[in-house]
Amino acid sequence: MKPTLALRLLACVGYLVLLSPAALVLLISFSAGDFLTFPPPGFSTRWYVALAGNSVLMSALGTSAILAAVVAVVALLVGGPAAYAIARLEFPGRGVLAALLTAPLLLPTLVLGLALLLVLQPLGLAATWPGLVLGHCLVAIPFAVRIMTTAFAGVPKELEAAAWTLGATPFQAALRITLPNAAPGAIAAGVLTFLVSFDETVISLFLVGPRLTTLPVEMFRYAEHTTDPLIAALAMTLIAFAALMVLLVERLMGFSNAMGRE
Amino acid sequence: MIGWLLALPALGVMGLAFLWPLAMLFRISLNRTTETGAMEVAVTGESYTRLLGDEFTWELIGNTLGLSGTSAAIAVAMALPVALMIRAASPRWRGLLALLAIAPLLVSGTARLVGWMAILGDQGMINVVLRWVGLTDAPIRMINNWTGVRVGLMESLMPYAVLVLLAGLGRLDSRLEEAAATLGANRFRTFIRVTLPLAAPALLAAWLLTLVLGISAFITPRLMGGGRVFVLATEIYNLALESVDWPAAAAMAMLLLGGLILLMLLRGCVGWLQGKRA
Amino acid sequence: MSRSSPHLRLEQLVRHYAGAAAPAVDRISLDLPRGALLALLGPSGCGKTTTLRMIAGLEKPESGRILVGGRDVTALPPHKRHMGVVFQSYALFPHMTSVGNVAFGLEMQGVARAERGPRALAALELVGLSGFAQRKPRQLSGGQQQRVALARALAIEPDLLLLDEPLSALDAKLREGVRDEIRALQQRLGTTAVFVTHDQTEALAMADLVAVMNAGKVEQLAAPEEIFERPATRFVATFVGRAARIQGRLEAGGVLRTEGGAALRTHSSLAAGPVEAFLRPHRVRLLAPGEAAPTGMANVLDATLARRVYTGEIVALEANTPAGVITAELHAGTDGLWRELQPGSPMRLAFRDTDLLVFPAP
């Protein structure tokens, strides 16, 4: 049925709500003023310049980028085989395994972060690289497992069967036949876990320290105390980055597919 | 067997970063906080009795449920036309519309809240427009209070609501609506009498999911509330990192977890009942 | 190993699927000589594909044995069985070219790198695709994909070639040509092969031996002519080829008495009692008025024409007789008698006693 005018209008309001924050961030980030005022008193790129000169935020950016890259690689390497097992093999407890590996996504990150702090602090691992990687893996691995399970399941089983009959061992068949055909999904999983880690705020809040801190945490703290267009410039940079990544994933496999069902 | 073996590394990380910390969270909730604020190893329910005997805790629970319940309801109500629109769109537009609706999921929450500050703030878009039109003289306070938190939370829940509704509405047969239309029902009546009842299970599922997510939310109440909005999540953070009262923080986290698990079981029951009826 | 020992032997294979009461494959045993082509023919769900997958090692039998060349392979995983399989979906590797697909099998068989290319190209040439070596599967037509799959299976010089409904995904027009090509290739290479089909024409045209399967069991294992002309069971008689059904009682001396009062001579040695007989349309002859039945045609029935269906080469005459509705199929060109007949016309039909396939009534 063709949507009625009323439905169209209401949907437009919905999209307005969904998209206006990002639009405002874009506008304000080019403000020449000193506050988050609307409309901006003038336009300039001064806040982007200020952002580039902010050594705290820039060093946090470096930390976050390295952290996200490490987490994405670890999540793929650790989650890939598990996803393969869930998608391809039949064994007792498969459902339990799948549930266990996605369970952290169901719990509040606040509780997860607190629990990690309680364990890592006494070990002296809070505010360290291993502690942060572990904390981020907790949310990155479930994502990687879910997306890669979809990707592996999308490769016809017959392909592996065909490879076996040609003399390939199950390991060879998985590596040479299924993996290359699931590659777009694996890349999407890598990009998305990178983003998940790069944007992760709450768990990091519990695990960072004065000498090791991430960009989302610094951004959160900055926004708590100061409201000037610098934060908009930073937010815009992150949105642009995320949009670029989403576009990449959409190109590779279709975004909605990658997300699976919520 | 080989399946568990392949999953061993993932299980190892999960054990180390998930099961063990959760177990420790429970264990520490049973410790005692001494008069000086130091933690003493013990097995006692003192933290729980202290929290549950405190009126403030009940106020927090009320605040949390009130905030997330209303935000979730508004989010679902606003997501419904978006989901219906996506469903009705031609395949060419459907992908783009769906992408636009869930794209905010991948934009950092803090960034979106900065946008809301620019919209709702005293010098923000809405107040400026209202003053320009002449409807108000003084700015209406919409941030650093419950309004700001509610709006920010509602928007952050909308993409999830759209996803759940899309999944639920996908099964809804559009031929029924067309049949109602050919039977003479006008558009509005068709919507009220046919579409809405058919969509009810999906709406309930979407509300329950967004409710759970809303209860867990921390960044939005903290940033948009400006320290004036207190919910369970902000209090757990304060107890853990500002008061450094670990047993109390752990106990409150356990209460939150317990409540969420109850809700998720309820969600499971609803889903199961709907599945049985279908 | 003597020449007469079978190349493939299935012994009492059994396989259940979880949740199903009846077994998918129920004690199947059969022997296949070297170089022969066996067709597993049956309706969907009869267990033919499961049987093929068990031979390939893709499914495990619960009991029973599979022997190839006298060697028990029951416990071997598929990659150690050295069998070429052509899947219904072809299962070509989408990320490899045609020649890459074929070379992958050779590599897995341990063929030296330098040899793989030429051998893969030779296999593609065998199926007439040498010009398509560098194409990816999605750039090939269905028929070409099918031939790449065949080349890939044959290139490893398998002990056994297995084909799962190899023609079902092809256009009707292509099917006959590919069918004959596969058969010719299999005979030329002397490969022992098993293929699964639900299409009786395919089975009869290609196979040396046909195993007609139903409900997990082999109803009859025989050469195509035997299957068609001397079906062992009622199921085979009805599943392979068309036939009119005649109900009645068998009396002493092999006489079949129908309810309509006809007495038909049969060749049956069954005990007296209720029976069902089947009569194939092409066996029935139309007699000219006053013409005596040719020698050997012991049965003559008076009939009235009910319906005439002309399809060009063949004309089918559906007639009411004391034995029930019987259809006669005549060559429209050579046998002109039918042209004068209209619905309602009286006519006479004749057939041999051996043309009646008699089974106990179910």
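Lettering of chains follows the sequences in order, A, B, ..., and the numbering in each one begins at 1.
Within residues 216-226 of chain A, the residues approaching chain B closer than 4.5 Å by heavy atoms are, in numerical order, M219(A), F220(A), A223(A), E224(A). Proximity to chain B among residues 73-82 of chain A is limited to V78(A), P81(A), A82(A), judged by heavy-atom separations below 4.5 angstrom. Close approach to chain A, defined as a heavy atom under 4.5 Å from one of its heavy atoms, is seen in A7(B), P9(B), A10(B), L11(B), V13(B), M14(B) of residues 7-15 of chain B, taken by number.
The contact between M154(B) and chain A is made entirely by side chain atoms (from C-beta outward), counting heavy-atom distances below 4.5 Å. Contacts between L107(A) and chain B at a heavy-atom distance below 4.5 Å involve the side chain alone, from C-beta outward. In this structure, no portion of M254(B) lies under 4.5 Å from any heavy atom of chain A. Proximity to chain B is absent for every atom of L26(A), based on heavy atoms less than 4.5 angstrom apart. Of the atoms belonging to L100(B), heavy atoms from both backbone and side chain fall under 4.5 Å from chain A. Contact annotation for I28(A): only side-chain heavy atoms (C-beta onward) come within less than 4.5 Å of a heavy atom of chain B. With a threshold of 4.5 angstrom between heavy atoms, L22(B) approaches chain A through its backbone and through its side chain. The parts of A103(A) that come within reach of chain B are both its backbone and its side chain, each placing non-hydrogen atoms under 4.5 angstrom from that chain. For A250(B), the parts lying near chain A are the backbone and the side chain together; criterion is any non-hydrogen pair under 4.5 Å.
Between E235(B) and R222(B) there is no salt bridge, since no side-chain nitrogen of the basic residue lies less than 4.0 Å from a carboxylate oxygen of the acidic one.
T193(A) and H136(A) share no side-chain donor-acceptor pair at under 3.5 Å.
Here F206(A) pairs with Y237(B) under the ring-ring contact (aromatic ring centres under 6.0 Å, His included) rule; sequence neighbours left out.
Considering only heavy-atom pairs separated by less than 4.5 Å from chain A, the leading option among V129(B), I86(B), L97(B), I126(B) is L97(B).
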